[in-house]
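Within every chain, numbering begins at 1; the chains are lettered A, B, ... in the order of the sequence lines, protein sequences first and strands thereafter. Please read these numbers as outputs of a predicted model, since none were measured by experiment. Atoms considered below: every heavy atom in the structure, side chains included; atoms not considered: hydrogens, waters and symmetry mates.
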Number of protein chains: 2
Amino acid sequence: MKDINGKIRLSAPECNSALSAVGDALYVIGGKWKLRIIIALSEGNKRFNDLQRRVEGISARVLSNELKDLEMNGFVKRMVDSKAKPVVVQYELTDYSNTLEEVLRALHNWGRQHRENIMQRSRKMKLVEA
Amino acid sequence: MKDINGKIRLSAPECNSALSAVGDALYVIGGKWKLRIIIALSEGNKRFNDLQRRVEGISARVLSNELKDLEMNGFVKRMVDSKAKPVVVQYELTDYSNTLEEVLRALHNWGRQHRENIMQRSRKMKLVEA
DNA sequence: CGGTATCCGTTTGGATACTG
DNA sequence: CAGTATCCAAACGGATACCG
């Protein structure tokens, strides 16, 4: 997996495997919103408008489409309580969403670290300027 | 991190942190091609056209833009050997790309597992039909 | 080879209004 | 509230031609 310099080094078959698997993954959870919606729902079940508020910047139309996609792919369940008046709709993560734990953890860690790196770089830039 | 049913359960601050960190991550490595290009380059340094062949479906224009982006963000280095005639250009991963190892591993594993799940589901569907 | 420029159809997505 | 329909502008991206 790693070469003599500590760099990731893939053999041709490993590379093929990675390209196709990561391609499959991006196909279902790629895009700007899917993972964010899943993260927002891991805070707890949410109604449509709550969810829209939690996922900053998403429009109702896009949220609606993304939810349909996520439901189709088994990540999200749409729960309707028709006894309530007016009817209450809640979105809930399925068990299948749990399989994303590692992916989410990795992205979370990387994103946090990356932000720190960027901030350090920009602090250094300012020191050089001054 | 997990609730009583084994589901991922984020507190409000954890959710905020995840949303912003994952948002940062997707901002730089999101999109259809960035990770694939990085994976292709972990097989070894490549010239432009080789890279285009390795990353199936990408057009020269898009590859060109993506490479500029990846270079700007410190994932890729463009190496020019001007002694050669005609000049040879190679793309190489930087050390910073190594920080993506966990992310790539997680996506690779998840993607492979997901494909298997899908295939099983469709096999079952066929049994039910028959 | 390693790209870039241009043209142009397709897709995306915001804003707004509207429905049950 | 929980969306959907419509309109429209901007972004995306393929095809092609072209350059050093």
Q: Mark yes or no: B:R54 above the aromatic ring of B:F48, with NZ or CZ under 6.0 Å from the six-membered ring centre and no more than 45 degrees from the axis.
A: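 No - B:R54 does not lie over the ring of B:F48 by the 6.0 Å and 45° rule.
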Q: Classify every nucleotide of nucleotides 1-20 of chain D by which part a protein heavy atom approaches to under 4.0 Å, writing B for the base, S for the sugar-phosphate alone and - for neither, in 5'-to-3' order.
A: SBSS-B------BBB-----
Q: Which residues satisfy the side-chain hydrogen bond (donor to acceptor under 3.5 Å, both in side chains) test with B:N65, sequence neighbours excluded?
A: none
Q: Roughly how many Å is it from CD in A:E56 to P in C:dG14, rounded to a whole number?
A: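 Computing the A:E56:CD to C:dG14:P distance gives 14 Å.
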Q: Quick check against the 3.5 Å criterion: does B:T94 have a side-chain atom that pairs as donor or acceptor with the backbone of B:F75?
A: yes
Q: Is it the case that the side chains of A:Y27 and B:H114 hold a donor-acceptor pair, with the cut-off being a distance below 3.5 Å and no angle test?
A: no
Q: If you round to the nearest 0.5 Å, how far is CH2 of A:W110 from CG of A:N117?
A: 8.5 Å
Q: Nearest whole angstrom, please: distance from the P of C:dT4 to the CD of B:E66.
A: 13 Å
